[in-house]
Structure formats: structure tokens, C-alpha cells
> 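The structure's right below; bear with me while I get my questions together.
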Amino acid sequence: MDYNFPEIEKKWQKYWVDHKTFKTTNDPSRPKYYVLDMFPYPSGAGLHVGHPLGYIASDIYSRYKRLKGFNVLHPMGYDAYGLPAEQYAIQTGTHPAVTTEKNVARYREQMDQIGFCYDWDREVKTCDPDYYKWTQWTFIQLFHHWYNNKTKKAEPVAELVRVFEMEGNSRVEASMTQNWFKELVKKDPSFDPEWDGIFTAAEWAAYTEKQQHDILMNYRLAYLSDAMVNWCPELGTVLANDEIANGFSVRGGHPVERKLMRQWFLRITAYAQRLLDGLETVEFSDSLIEMQRNWISRSEGAEIHFPIQGKEISLSIFTTRPDTIFGSTFMVLAPEHELIPVITAPDRREAVDQYLLMAKNRSERERMAEVKKVTGEFTGAYCLNPFNGKPIPVWVADYVLAGYGTGAIMAVPAHDSRDYDFAKHFSLPITEVVAGGDISVSSYDAKDGVMINSEFINGLQVKEAISTVIRRVNEMKIGKGTINFRLRDAIFSRQRYWGEPFPVYFKDGIAHTLDVSELPLRLPEVDAYLPTETGEPPLARAKNWTTKEGYPLETSTMPGFAGSSGYYLRYMDPRNDSEYFSKDAVNYWQDVDLYIGGDEHATGHLIYSRFWNKFLFDTGMSVKEEPFKRLINQGKIQGRSSLAYRIKGTNKFVSLGLKDQHDTTEMHVDVSMVDNDILDTAAFCSWRPDLAGSEFILEDGKYHCGYAVEKMSKSLYNVVNPDYLIEKYGADTFRLYEMFLGPLEQSKPWDTNGIEGVFRFIRKFWRLFHDDQNVFSVSDDAPDAAELRVLHKTIKKIQEDIERLSFNTAVSTFMICVNELTDLKCRKRAILSDLVVLIASYAPHIAEELWFLLGNSGSVSMSTFPEFKPEYLIENTFEYPVSFNGKTRFKLVLPTNLTVQEIEKAAMDAKESEKWLEGKPPKKVIIVPKKIINIVLG
RNA sequence: GCCCUGGUGGUGGAACUGGUAGACACGCAGGACUUAAAAUCCUGUGACUUCACGGUCGUGCGGGUUCAAGUCCCGCCCGGGGUACCA
């Protein structure tokens with residue numbers, strides 16, 4: 001074998017470990033650069049070819065930055081809590097820690113084969129008590145902070161209590177759940193039922209300890225609350241909004257229902273505006289920023305109070321179109337709205353109750369499936385337009401959601417399609433107030449046009465009308481301009497075993513946090529990983545799950561995103577056991593410069609960790625408001641499935657080109673039995689017992705398979721495993737090929753066939769340094785101009801390509817360079833030495849070996865990226881494409897020092913021009929020096 | 001429905017700011033070396049047309065701007081992803 005990669009790759013991998021080549025220290029003398037991969041959940045299946053794509057890209061970038069003189073932090077770890085290990089534990093009794101440990105070892109083994117430059121001394125695992133101690137610590141901080149809307153930051157609850165003691169809460173502007181005091185009053189009869197949530201210093205002092213705690217709970221950034229949650233009976237736990245898709249759990253695909261439960265929440269909504277604003281300062285892809293914007297979804301509008309006819313109460317609605325208030329012909333309440341029992345007329349009671357019952361039993365999924373089905377009921381009540389006193393009927397319907405705005409709307413059928421459908425269905429009047437549409441056909445929703453039928457705003461444009469109405473509403477004190485966010489507070493408890501225990505105990509029904517000195521609160525042993533018979537979470541099975549004093553501990557655990565929300569900070573100082581991370585470490589490393597990972601985390605992890613970081617920023621822990629400066633989403637690698645065609649009802653298979661002559665069914669065959677779309681029929685027959693003795697109808701002696709591009713999955717037999725490829729071609733080839741496949745951010749199909757080309761390249765590269773006998777042989781002759789040109793052209797292109805993360809074109813550039821140097825028969829040290837450094841970040845093993853053979857000591861990773869010298873690229877001639885009317889007709893080589901006039905003359909005089917000019921003078925001649933000559937004819 | 005992406009040879013893709021479309025690979029065809037195979041090397045390879053020189057067409061479709069459009073503008077079509085009564 002000419003290039004003995006198995007030996008060479010092992011040798012250098014061992015060298016890196018033995019010499020701790022990639023160990024990173026805080027070194028203020030060098031500029032820092034932090035490159036982070038989204039750490040993986042170690043699943044039992046191991047890595048397939050799609051997983052390392054981003055890791056290879058970040059590895060190349062890290063190595064490149066190091067060669068450019070940066071002190072690079074490039075760590076890796078494991079998002080180790082997760083449902084699969086726990087489901088496996090339920091089925092087999094194996095502790096999830098055991099499964100996780102095994103999977104981690106397998107991941108590590110696979111990653112090590114690829115030759116990554118991680119500093120493994122900084123590895124973190126979210127399930128490690130030394131790590132989750134700080135997850136618990138952060139929770140305690142959240143519990144003891146509230147969000148001050150005046151200062152727009154988190155502040156200690158202890159200080160808030162001092163304010164309460166001095167002056168009550170009337171001047172405090174906190175981020176809180178709407179109508180929090182109504183819930184409190186409902187549950188605790190010791191509060192005045194008419195209480196409005198405001199108290200004086202004297203009243204505060206008079207509250208019992210429990211009352212005080214219950215009030216404070218509503219201020220905390222980590223708080224307990226009864227709320228409608230997404231309950232997944234199959235998994236026995238609640239789920240966050242981003243863990244559900246179309247009414248089913250993302251993990252496992254089990255149905256999810258709504259249920260009222262007491263849960264821990266994180267008040268992420270307090271940060272909604274800052275999370276939105278931060279997106280302006282950060283380099284993420286447009287689509288990711290858009291996804292986050294939509295998820296947070298800010299809408300500006302107004303809250304307006306409509307008095308209820310004949311009652312002393314009013315109905316608050318939220319609208320983004322206050323301009324259309326005179327077009328509101330009915331009101332709609334969500335079925336859960338608290339005013340329904342109060343305002344429903346006696347003769348409508350039965351019908352309304354029946355509707356509420358129906359709406360309640362209708363599951364989330366049914367609602368989603370039947371979006372277009374219009375249902376609702378009239379309450380018999382009327383409210384009055386606050387401007388002109390006109391009565392408007394009040395309806396209840398489940399197309400209005402309780403959780404958004406005030407849970408009530410003013411319906412404007414002429415200018416809202418949902419209201420329009422509702423009005424049509426129940427024959428309610430439709431009043432046009434914005435000119436520009438045709439309301440006999442459909443609603444006119446555009447925010448564009450002139451107001452009509454609208455009293456004091458007639459003739460205004462929509463935009464002016466909106467601000468005019470809001471101003472008037474404020475003046476009349478019948479409401480106010482408001483901003484609503486779609487983002488909900490994050491449900492933070494899970495009724496599962498395999499997660500971080502909450503550092504919380506209950507004393508007389510009041511939640512307290514453990515003292516920081518008692519952390520970590522370790523996950524206890526249990527006899528089974530299932531809920532108890534009374535439906536309590538698995539931790540309730542643990543013996544002595546109490547504090548030293550005997551107070552019961554919280555039995556829920558934290559969700560998956562808890563441990564991943566601040567891991568990038570812990571990497572800065574991962575072995576610190578007295579603090580999360582030191583001031584020195586965070587001041588040096590600051591934030592992540594480049595973050596690479598999948599876009600499936602757009603609305604989960606990436607929002608939570610931005611929130612987490614902002615909170616730590618407020619408390620002075622982290623030093624940057626945004627944790628990730630630049631973020632790249634690598635595309636998915638799709639599988640390329642191979643298909644065979646079975647003649648229906650037989651064991652006869654027909655080759656692709658002939659399948660239309662038969663009645664066939666498609667069958668996925670394992671891609672390992674297929675080479676270049678040709679099926680190994682012998683392997684196929686022994687694949688499964690039922691296929692033994694299969695017959696084949698061949699084309700030119702071969703069985704040609706069809707193919708389909710779909711997701712890489714075991715069930716489609718198209719999974720390609722990196723271990724096999726590395727064994728056959730080596731890690732360097734594998735790395736290069738993953739990059740060569742296409743642009744990092746695009747999804748693309750995997751096709752193992754192409755890897756041969758990269759393998760050929762690697763060996764061709766090796767042969768530049770070796771003679772026919774595979775003996776290392778380079779000369780010390782001075783390089784000539786052509787060779788220097790090739791080298792510096794390559795340096796320039798490689799540098800540009802890495803900077804813009806265009807790794808696929810960089811690989812092509814290496815191929816072109818090696819092809820050209822081979823043609824030039826260049827074996828000169830002066831050229832090849834720089835080339836080795838250039839390629840070192842892409843193909844580190846072969847680079848190390850050649851660097852060593854060139855007589856260097858130490859690792860090529862510690863050398864310096866070659867400097868590009870433009871003087872070697874200066875050309876004195878240029879081959880101009882000469883076009884007539886934009887069509888290239890011939891090429892013309894001209895010296896580069898000609899003036900535009902001289903170029904024009906040369907082009908006109910060229911003998912090929914004669915034919916196209918046909919003796920006539922051209923209308924115009926366009927010359928772009930060193931680009932193009934275009935002659936325009938009449 | 002709305003938002004974001006993408007659409008270039010048989011395949012993966014290149015062309016970064018409008019300036020020689022198809023770089024670099026794969027595959028395929030032919031050839032060299034070999035007893036043979038593997039490996040390696042060489043040649044060709046968008047379509048149509050021509051003995052050839054050459055010509056015509058060509059970046060999802062239809063228009064437009066420009067000396068010049070894969071690239072910019074307008075209107076569609078198709079694939080992938082997100083989201084869905086959010087008032």
C-alpha cells in the first residue's frame with residue numbers, strides 16, 4: 001500500500017492524546033476564539049454519517065483559527081438526560097445512567113476515530129452531579145429573582161421584599177402572569193375576594209407567612225403555578241410547547257392532552273422583548289431568526305374595555321386593529337373565560353353550558369384537525385361600544401384562545417377572515433369600515449385603506465386610525481395600548497426519573513430552595529422508573545426523599561433543556577467546584593464566536609439558552625448579553641435508499657430498466673449490498689431467509705437498482721455508518737468527503753460512491769512527496785514562478801473559503817492544486833511544506849505525517865498558516881472572451897498593460913472579428929479590463 | 001393559508017460583488033500498462049446539428065431591465081422546512 005493510512009492515523013491520534021496537543025488554557029497573551037458544537041444526545045444507535053458533518057466543519061475551523069494564532073476553545077460533551085434511556089430503563093430495569101455511559105463510550109470511540117481536536121479535559125455530561133450542581137444552582141438563582149420592568153432586568157427577591165415592607169407593591173412594575181391575584185383569591189379564602197393585587201406596607205406586614213410566600217411566588221422567575229399544561233399520558237409527563245408537534249410528542253409520537261396541573265415554570269416571557277431585540281445583534285441565518293421571531297411573535301395593539309349592558313362590569317379585549325372598532329358586530333369569549341357564567345342570560349344558560357362541555361371535551365387534536373369547523377354559542381348578553389354605546393352581542397366560541405391576550409376579542413367580520421367565517425355561519429351582520437375590499441366575497445384583512453362608517457376616524461388611513469383610537473382610548477381611560485407576545489412561560493417540571501432533581505423542599509406547603517452548600521442534590525435510587533400507583537412521579541418512590549430535617553423534596557425533575565441551557569459557560573471552567581465558572585474564565589472567553597448545530601433547536605434550546613444567558617448577564621455572571629455571536633445550521637444528510645423491484649406475488653426481481661414490463665412492487669434493499677446501483681444478488685439471497693433462492697431478471701448481466709432520496713433511517717435500510725468508511729478509506733478521506741458533498745448549510749443526499757474520488761486525491765497528494773517506490777523524496781530546489789503561482793492561488797482561495805465556511809469549494813481547490821503540481825512535477829519543499837500546513841485542518845493525520853517527514857518536530861497544528869503573497873499572482877497576459885451582442889465567439893490573449901483603446905483596437909483587428917462585423921462599424925464596444933470584451937452590432 | 005429555503009448535465013455540486021455557465025468530483029464510454037485482475041495513467045462526456053471548421057439551443061416556467069442575467073425586477077409552477085384559529 002502506498003499510503004498506509006490505518007497506521008499513520010492511529011499514530012497521530014495517539015500522539016495528540018499523549019502530548020495533550022489540544023489542551024486549552026486561558027492565555028490572555030493571545031486572542032481567544034470559541035468554536036462550539038451543539039453537544040449530542042448519545043443514542044444507542046451510535047453516529048451515522050450525518051451526525052459528524054457539523055463536527056468536521058467546526059473542527060476544520062478550529063484548527064484553522066489555531067494556525068492563525070488564536071487561542072481556540074473547542075470542547076465537546078453530552079446532553080445526557082433523555083427519554084430513550086429512561087424508556088429503556090422502564091422496559092428492562094437497566095439504570096439509565098448505565099445505558100447512557102455505554103452510549104457515551106460508543107460516541108467517544110467513533111468521534112476519536114475521526115481525529116477531532118477537542119479538548120477532552122473539558123468534557124461535560126449533563127447527568128454528572130458535578131455538572132448539574134450548577135444547573136440546580138441557576139434554578140435557585142431564578143427562584144430568588146424577579147423581573148423589574150422599570151430597569152428591564154432581573155433583581156433579587158430579597159430587595160423586592162424590602163420594598164414591600166417599606167411601601168407595598170403599588171409602584172412595583174414586575175413581569176407577572178395576568179390576573180395572578182384572581183387565581184390566588186380563588187384558591188385561598190383568607191384573601192379578600194375583591195382584592196385587586198395591590199397592597200400597602202401595612203397590609204404586607206399583616207399577611208401570614210404563607211400569604212407572603214404565595215404572593216412572592218408570582219414574582220419569581222422560577223415559579224410554581226397551576227396551569228393548563230400539555231400532558232402526555234403515554235410518557236407520564238408534561239411537555240413544553242416545543243416538545244409537541246401537531247398534538248403529538250416530538251419524542252415517541254404519543255398523543256398529548258390538556259390538563260390542569262401544578263408545575264414549575266420559568267418566566268421567559270419577561271425576556272420576550274430582549275430576546276427579540278437580541279436577534280438584531282447576532283449572526284444567525286435568516287430562516288432561524290425568522291423562526292425565533294415567529295415563536296416569540298410580538299403584536300402591538302390595544303386592550304379595550306367594553307361595558308356589559310345592565311351590569312357594573314366590563315369586558316376586556318385585545319386587538320391589533322383598534323381602528324376597526326366601529327366594524328365590530330359581535331364579541332367572542334374563549335370557552336374558559338371567567339365572565340361566561342356571570343353574563344350568560346338565564347334563557348341561554350343551557351345552550352351555553354352544553355357548548356362549554358362540548359368544547360372542553362374536544363381534544364386539542366380534534367380542534368387542530370377541525371380548524372375550519374365553525375362552532376359557537378350566543379350568551380344572551382350584550383356589551384356596549386365604549387365610543388357610541390351601541391350594543392354588541394357577546395358569543396362564546398373555541399376559535400378564541402384563553403391563553404392569548406385577554407381571552408376575548410371584538411370580532412370584526414369585514415376585516416378578519418376568521419370572524420368573517422363565523423359571521424357568515426351564524427348570519428351575523430358584517431360592517432365594512434376600511435375601504436378597499438369586497439366584503440360580499442371575503443373579508444379585507446390588509447392594513448391598507450381609508451376608514452369609513454367610523455365616526456371620528458372617518459377618512460383616516462389605517463395606520464393613523466390605529467394611533468388615533470389608541471390615543472382616545474387612553475384619554476377616556478377605557479383601555480390602553482398594549483403589546484402581546486405569543487411566547488409562553490416555559491413549563492420546567494417533568495414527571496420523570498432521568499433528569500436533574502429540583503433543589504426544592506416543602507415546609508408547611510411552602511416551597512423553599514435548598515442552601516447552595518447542599519448542592520448537588522443527587523438523583524436518588526428508585527425500585528422502578530415508573531410513576532407511583534397514586535400517579536406521583538418516579539422520585540416519590542425513593543426512600544427518604546426528604547431534607548435532613550425531614551421536609552419532603554420536590555418529586556418532579558427538570559426537562560431536557562435545563563442542562564443544555566448554560567453548558568457553553570461551564571466549558572470555560574469545567575472543573576471548578578466552588579463556582580459555576582470563574583470571573584477570569586468568563587472575562588477571557590466571553591461568548592461563543594461560532595456555534596454549529598441543527599436547526600431543529602431553533603425554538604427550543606436556542607431560545608432557552610439565550611434566556612438563561614440573559615438572566616445570568618443580569619446577575620453579573622455572564623459578560624455578554626447574547627451567548628452566540630454567529631450560528632450556522634448544518635444541513636441534514638439524507639439517505640439514498642436502494643430499491644429492488646419484485647414481480648408481484650413472486651420471488652422474482654426485475655432490474656430497473658425492465659421493471660415497466662412487469663407488474664412490480666418496490667422493495668428497499670440494504671445499501672451495503674449495493675455498489676454503484678448494482679445489486680450483489682448473492683448477498684441479497686442470503687439477506688433474509690424469505691429471499692433465499694430469489695430469481696433475477698438482469699440487464700447486461702447485472703441487476704440495476706433504483707434509488708430514492710429520503711431520510712436516513714434503519715427502517716429504510718439506507719443508514720451509512722462512518723466506522724466502515726473510516727476503516728476502508730481512513731479518517732482524512734472521510735472528513736474531506738463529508739465536506740466535499742456540498743455546502744454545509746444545505747441538505748443533501750449521501751452517496752458513498754463519490755468517496756473514491758477523494759480517496760484518489762489523498763493518495764495523489766501523498767505521491768507528491770514520494771517517488772515510485774513510495775520513498776519520501778522532496779527537493780530543496782528553488783521554486784519557479786509557475787509553482788509559486790499555484791501555491792499562492794491556493795493559499796488565497798483556501799483562506800477565503802474557510803472564512804466563509806465554504807468547505808466544499810476548499811476541497812476542490814486542494815484537488816486542483818494537487819492536479820496542477822502533479823502536472824508540473826513539483827516536488828519542492830518550499831511549495832509542499834506550505835501546502836501541508838494549508839491542508840492540516842482538513843486532513844490532519846496525513847498532514848502531521850508529512851510534516852514529520854519534512855523534518856519538522858512537533859505538531860503541524862502548532863505551526864502558522866502560510867502568508868498569501870499577491871505578487872506571485874501577477875499576470876502579464878489575459879485571455880479575453882470576445883463576444884458579439886453578448887455571445888462569446890472567440891478568445892483573445894492580450895497583455896494586461898494595454899489601455900482600453902488598445903484592447904478595443906486589438907479586438908477589432910483580430911481576424912475572427914471580420915466574420916462577425918461583416919464590414920460594418922460596431923454600434924458600441926464594451927471593455928472591462930481583465931474581464932470581457934463585448935462588441936455590440938447594430 | 002402565512003413565513004423561510006431551494007430548483008443549474010445521468011449524479012453531488014461550482015460560478016462570492018451582473019462579465020467565458022457546468023470548475024472539482026462521481027458515473028459512463030474508449031484507450032494505455034498487465035497473462036489476467038486490482039491499482040494507476042491518458043482521452044472524451046449539457047442537448048441538438050455538422051465528415052469537419054462550426055452553428056443553434058440551454059441554469060423550473062412566462063415576461064422585463066441591461067452592451068451583458070444562473071445572478072437584478074415582476075408574475076407563476078414545483079420540492080424541502082417551520083408555523084397554524086395568536087385577534
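Residue numbering restarts at 1 for every chain, and letters A, B, ... go by the order of the sequence lines.
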> So A/Lys887, base contact, sugar-phosphate only, or nothing? Heavy-atom distance under 4.0 Å.
sugar-phosphate

> If you only use heavy atoms from C-beta on, which nucleotide in B/rC26, B/rC16, B/rC67 is closest to the side chain of A/Asn753?
B/rC26

> With rounding to the closest Å, how many angstrom separate the P atoms on B/rA23 and B/rC16?
15 Å

> Let me check I have this right: for RNA chain B, each base becomes ., (, ), [, ] or |, based on Watson-Crick or G-U pairs with both distances under 3.5 Å. What is the full string?
(((((((..(((......[....)))((((((.......))))))((((....))))..(((((..]....))))))))))))....

> Quick one: label A/Phe740 by what it contacts on the DNA or RNA (base, sugar-phosphate, nothing), any heavy atom closer than 4.0 Å.
base

> Which whole-number value in Å describes the distance from A/Asp416 CG to B/rA87 P?
9 Å

> Examine B/rA25: is either OP1 or OP2 under 4.0 Å from a nitrogen or oxygen in the side chain of A/Arg760? Give yes or no.
no

> In whole Å, what is the span from the CZ atom of A/Phe318 to the P atom of B/rA87?
7 Å

> Starting at atom NE2 of A/His601, determine the distance to atom C1' of B/rG81, rounded to an integer number of angstrom.
15 Å

> Under 4.0 Å between a side-chain N or O of A/Arg889 and OP1 or OP2 of B/rU56?
yes

> Can you give me the closest heavy-atom contact between A/Tyr880 and A/Lys931, atom names plus distance?
CE2-N, 3.9 Å

> Of the nucleotides B/rA15, B/rA87, B/rG12, which one has an atom closest to the side chain of A/Pro749?
B/rG12

> Across the strands shown, which category fits A/Asn819 at heavy-atom distances under 4.0 angstrom: base, sugar-phosphate, nothing?
sugar-phosphate

> In whole Å, what separates the C1' atom of B/rG58 from that of B/rC42?
30 Å

> Is any NZ, NE, NH1 or NH2 atom of the basic residue among A/Glu875 and A/Lys930 found under 4.0 Å from an Asp or Glu carboxylate oxygen of the other?
no

> Looking only at atom C1', what distance separates B/rU56 and B/rC74, rounded to whole Å?
29 Å

> Indicate, with a heavy-atom threshold strictly under 4.0 Å, whether A/Asp599 touches base, sugar-phosphate, or nothing.
nothing

> Does the pair A/Lys796/A/Asp801 count as a salt bridge with the N-to-O cut at 4.0 Å?
no

> Please confirm whether the ring centroid of A/Phe734 lies under 6.0 Å from the ring centroid of A/Tyr729.
no

> I need the CG-C1' distance between A/Asn633 and B/rG82, as an integer number of Å.
12 Å

> Have a look at A/Lys930 and say if it touches a base, only the backbone sugar-phosphate, or nothing, with a 4.0 Å heavy-atom cut-off.
nothing

> Is a donor on one side and an acceptor on the other found under 3.5 Å between the side chain of A/Asn633 and the backbone of A/Gly597?
yes

> Given B/rA14, B/rU20, B/rU40, identify the nucleotide with an atom nearest to the side chain of A/Asn808.
B/rA14

> Is the phosphate of B/rC67, meaning OP1 or OP2, less than 4.0 Å from a side-chain N or O of A/Lys924?
yes

> How about A/Trp766 and A/Phe761: are their ring centres within less than 6.0 Å of each other?
no

> How close or far is atom C1' of B/rC24 from atom OH of A/Tyr842, stated in whole angstroms?
14 Å

> Under a 4.0 Å N-O cut-off, is there an ion pair linking A/Arg640 with A/Glu710?
no

> Please figure out whether A/Asp823 or A/Ile926 has its closest RNA chain B nucleotide nearer the 5' end.
A/Asp823

> Between atom CD in A/Glu800 and atom P in B/rU17, what is the gap in whole Å?
12 Å

> Rounding to an integer number of angstrom, what distance separates B/rG70 and B/rA15 when you compare their P atoms?
16 Å

> A/Ser812 near the nucleic acid: base, sugar-phosphate alone, or nothing, with a heavy-atom cut-off under 4.0 Å?
base

> From CD1 of A/Ile678 over to P of B/rC26, roughly how many Å is that when rounded to an integer?
18 Å

> Mind checking the C1' distance from B/rG18 to B/rU65? Whole angstroms is fine.
12 Å

> Remember a base hit wins even if backbone is also touched, and classify A/Arg767 as base, sugar-phosphate or nothing at under 4.0 Å, heavy atoms.
sugar-phosphate

> Hey, does the side chain of A/Thr809 come within less than 4.0 Å of B/rC16's phosphate (OP1/OP2), counting only N and O?
no

> Could you tell me how far apart A/Ile927 (CD1) and B/rG19 (P) are, to the nearest whole angstrom?
17 Å

> So what does A/Asp751 hit on the nucleic acid, given a heavy-atom distance under 4.0 Å: a base, only sugar-phosphate, or nothing?
nothing

> How would you label the glycosidic angle of B/rG9: syn (within 90° of 0) or anti?
syn

> Picking from B/rC67, B/rC85, B/rC3, which would you name as closest to the side chain of A/Leu401?
B/rC85

> Could you check A/Arg804 against A/Leu741 and say which one's nearest nucleotide on RNA chain B is further toward the 5' end?
A/Leu741

> When all nucleic acid strands are considered with a 4.0 Å heavy-atom cut-off, which category describes A/Arg293: base, sugar-phosphate, or nothing?
nothing

> For B/rU8 versus B/rA29, give the span between their P atoms, rounded off to a whole number of Å.
25 Å

> In terms of side-chain heavy atoms of A/Glu290, which of B/rC4, B/rG19, B/rA25 is nearest?
B/rC4

> Please evaluate the base of B/rU20 for a donor-acceptor partner in the side chain of A/Lys931 within a cut-off of under 3.5 Å?
no

> Which part of the nucleic acid does A/Ser285 contact within heavy-atom distance under 4.0 Å: base, sugar-phosphate only, or nothing?
nothing

> Measuring only the C1' atom in each nucleotide, how far is B/rA21 from B/rU59? A whole number of Å is fine.
7 Å

> Go through B/rC26, B/rC4, B/rA25 for me and flag the one nearest to the A/Asp286 side chain.
B/rC4

> Test ring-ring contact (aromatic ring centres under 6.0 Å, His included) on A/Tyr355 and A/Trp395; report intermediate values, then the result.
CA-CA 11 Å; A/Tyr355 181 73; A/Trp395 286 64; 9.4 Å; no

> Between B/rG31 and B/rA14, how far is it from one P atom to the other, in whole Å?
35 Å

> For the side chain of A/Ile816, starting at C-beta, report the closest nucleotide among B/rU20, B/rA87, B/rC24.
B/rC24

> Considering only NZ, NE, NH1 and NH2 on the basic side and carboxylate oxygens on the acidic side, decide whether A/Glu290 and A/Arg293 come within less than 4.0 Å.
yes

> Name the orientation class of the two ring planes belonging to A/Phe422 and A/Phe426 (parallel below 30°, tilted from 30 to 60°, perpendicular beyond 60°).
tilted

> Under the 3.5 angstrom rule, does the side chain of A/Asp675 hit a backbone N or O of A/Ile678 as a donor-acceptor pair?
no

